[in-house]
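Numbered from 1 within each chain, the chains take letters A, B, ... in sequence-line order. Values below: all heavy atoms of this structure, side chains included; hydrogens, waters and symmetry mates excluded.
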There are 2 protein chains.
Amino acid sequence: METRELRYFVAVAEELHFGRAAQRLGMAQPPLSRAISQLERRLGVNLLHRTSRSVTLTEAGAVLLREGRAALGAVEAAERRTRRASENSGLVLVSKAGATGELLPKLLDAYAAEPGAVPIEVVLCGAGQQEALLRDGRADVALLHLPFDSTAGLDAEELTTESQVLVMPAGHELSTRASVRMSDLAGLALPRWPELDGTYLQGPGPEVHDATQLLQLISLGRAVTVLPESVRASLHEGLTTVPVLDAPLVTTVIAWPPHSRSLALAGLVQAATRL
Amino acid sequence: METRELRYFVAVAEELHFGRAAQRLGMAQPPLSRAISQLERRLGVNLLHRTSRSVTLTEAGAVLLREGRAALGAVEAAERRTRRASENSGLVLVSKAGATGELLPKLLDAYAAEPGAVPIEVVLCGAGQQEALLRDGRADVALLHLPFDSTAGLDAEELTTESQVLVMPAGHELSTRASVRMSDLAGLALPRWPELDGTYLQGPGPEVHDATQLLQLISLGRAVTVLPESVRASLHEGLTTVPVLDAPLVTTVIAWPPHSRSLALAGLVQAATRL
DNA sequence: GCCGGCGATACCGTGGGGGTATGGAAACGC
DNA sequence: GCGTTTCCATACCCCCACGGTATCGCCGGC
């Protein structure tokens, strides 16, 4: 199977529409139709249920969509990492915007002080994006927060564990409490984070994709939220916190794609675990 | 990058010889040369140091070899899993030959008794091969033994933990001891297992690649070894064991590629964790 | 200095990937 | 019910790029 065929199939499977998929791929619809049928014939597998009115995935098609995306990611990663290896341009570290508190600057300082340190480029992204960046080679190493992020398919080392606090505007009704429990938060407008596929579940509460955005919404009184206690270091005026006793503990880990330990990466991980 | 180009590069990088690589690929040498230079030009990266006498990898080339193999594995996996999904032919479970004792039959029985169980094909392979089989889609789920195998890049659930015993012929000088320590084994002919790349380190002791082979060598008095205590259930006459007090504990885990939880796989994992 | 080995270059033929035009089936409007 | 629209498949054509053969250029060994 060629990556070209995979790209074609993924486009069709995502659009469920040959015309739009062809447009997205910058080609005409007939060759795309032909390419997909050829792929099906070569695999000996029906990937799509077609009527002249609609296209849907077969079970095998769904498998190829999932596995094909991963394979395309791996190919892209190979390409990007090769390019970067030739430029010798250090490491790319990705973290959620606004979610690392003091840890990230401390890590960067500690690592930079090591002999043989390479430049570290820091990329901040929205929630749930780090894994995709690692997977397709746009990043080499990530700071993740369990249990929100998943380390599935990654190597990881634990760095810190912390409890969580409720973040709210200073005048909020719960702000005078010494502590709260999750049950006290029932009915409050907790923000909704994107799912793995980038969409949002239905529900009350605003849709957010990074911490800055979220904190601003809280300042405006449009939301409250539960976050790791380290955010207290970076709160503006007008926001206050109280501990949430029974919120899950948050573990910050440093994670990287398996089998891609360069010397530089090993040094960074070592510096991180020594913090 | 097309998978064809990747296959070409991997062949050349492994052979370090255009002629042999071309032969392996079933093509003539000139188009291969051209394809590789095109790849280098398109990537904007030098992958090979060439003299008219020899070919070696550049640093970037080494990265592309590593990442390219993984990417090709992912593409193959996509293809195989798609085919298998269309035939609806159950799951393929891989384990080291002779290393699972009672656990494997118990797991298969327990799972088969569940409603909606699919057929499980069992593949037994040599040490250190399971990960490759999972990676390229020839298997869906594996039984691994920590700390010998690695779960890097896989999802896993722990099943059992056990201590290790020394396995030796009945008349062996240590067979009368109630227990031994690792230091007692210094100088004995411990067998050598293959490394991740399938080669063997230099050293005394025979080269082995599965437990059956190993037990036979022990019967012949050509080796002794340290294995998880569950092997005692499957030892023939003439072999005996004593506990090794300070050998690392062995954890058996069930592992699968991340993000490939089919319903059938989820059922199998659940059955395994309930054992 | 000649030969042998190896990678690069030159040149050619063909298959397949991509384009346009059109067919054909199904849903929708009136 | 018939025209219209929508959307995938088919028919046909063109051209590029992939692969093959022949040959060159370089280098090391006998």
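At least one side-chain nitrogen or oxygen of B/Ser33 sits closer than 4.0 Å to the OP1 or OP2 atom of C/dA8. Checking the phosphate oxygens (OP1, OP2) of C/dG17, a side-chain nitrogen or oxygen of A/Arg4 falls inside 4.0 Å. Taking only side-chain nitrogens and oxygens, A/Gln38 comes nearer than 4.0 Å to OP1 or OP2 of C/dG17.
Closest to the side chain of A/Ala28, from the set C/dT9, C/dG7, C/dT20, is C/dT20. Here the nucleotide nearest the side chain of B/Tyr8, chosen from D/dG19, D/dT21, C/dG18, is D/dG19.
One can place CD of B/Glu15 at 12 Å from P of C/dC6, the figure rounded to the nearest angstrom. Separating the CZ atom of B/Phe18 from the C1' atom of D/dC24 is a distance of 17 Å, rounded to the nearest angstrom. Rounded to an integer number of Å, the gap from CG of A/Leu16 to C1' of D/dC7 is 14 Å. Distance, B/His49 NE2 to D/dC26 C1': 19 Å, rounded to whole Å. Regarding B/Glu40, its CD atom lies at a distance of 13 Å from the P atom of C/dG7, rounded to whole Å. Rounded to an integer number of Å, the gap from CD of A/Glu2 to P of D/dA17 is 15 Å. Rounded to whole Å, the distance from CG on B/Leu39 to P on D/dA17 is 16 Å.
Looking at which nucleotide of DNA chain C each of A/Thr51 and A/Gly26 is closest to, the 5′-most match is held by A/Gly26. Mapping B/Arg42 and A/His17 onto DNA chain D via the closest heavy atom, the residue that lands nearer the 5' end is A/His17. Closest-nucleotide positions on DNA chain C for A/Met27 and B/Pro31 were compared, and the one nearer the 5' end corresponds to B/Pro31.
Within a 6.0 Å radius of CD in B/Gln23, other residues, nucleotides and ligands contribute 12 heavy atoms or fewer. Other residues, nucleotides and ligands contribute at most 12 non-hydrogen atoms within 6.0 Å of the CD atom of B/Glu59. Within a 6.0 Å radius of CD in B/Gln29, more than 12 heavy atoms belonging to other residues, nucleotides or ligands are found.
Within 4.0 Å (heavy atoms only), B/Arg34 reaches at least one base atom of the nucleic acid.
With salt bridges taken as basic N to acidic carboxylate O contacts below 4.0 Å, one links A/Glu14 and A/Arg69.
Within the 4.5 Å cutoff, the side chain of B/Pro257 has no heavy atoms near those of the A/Glu67 side chain.
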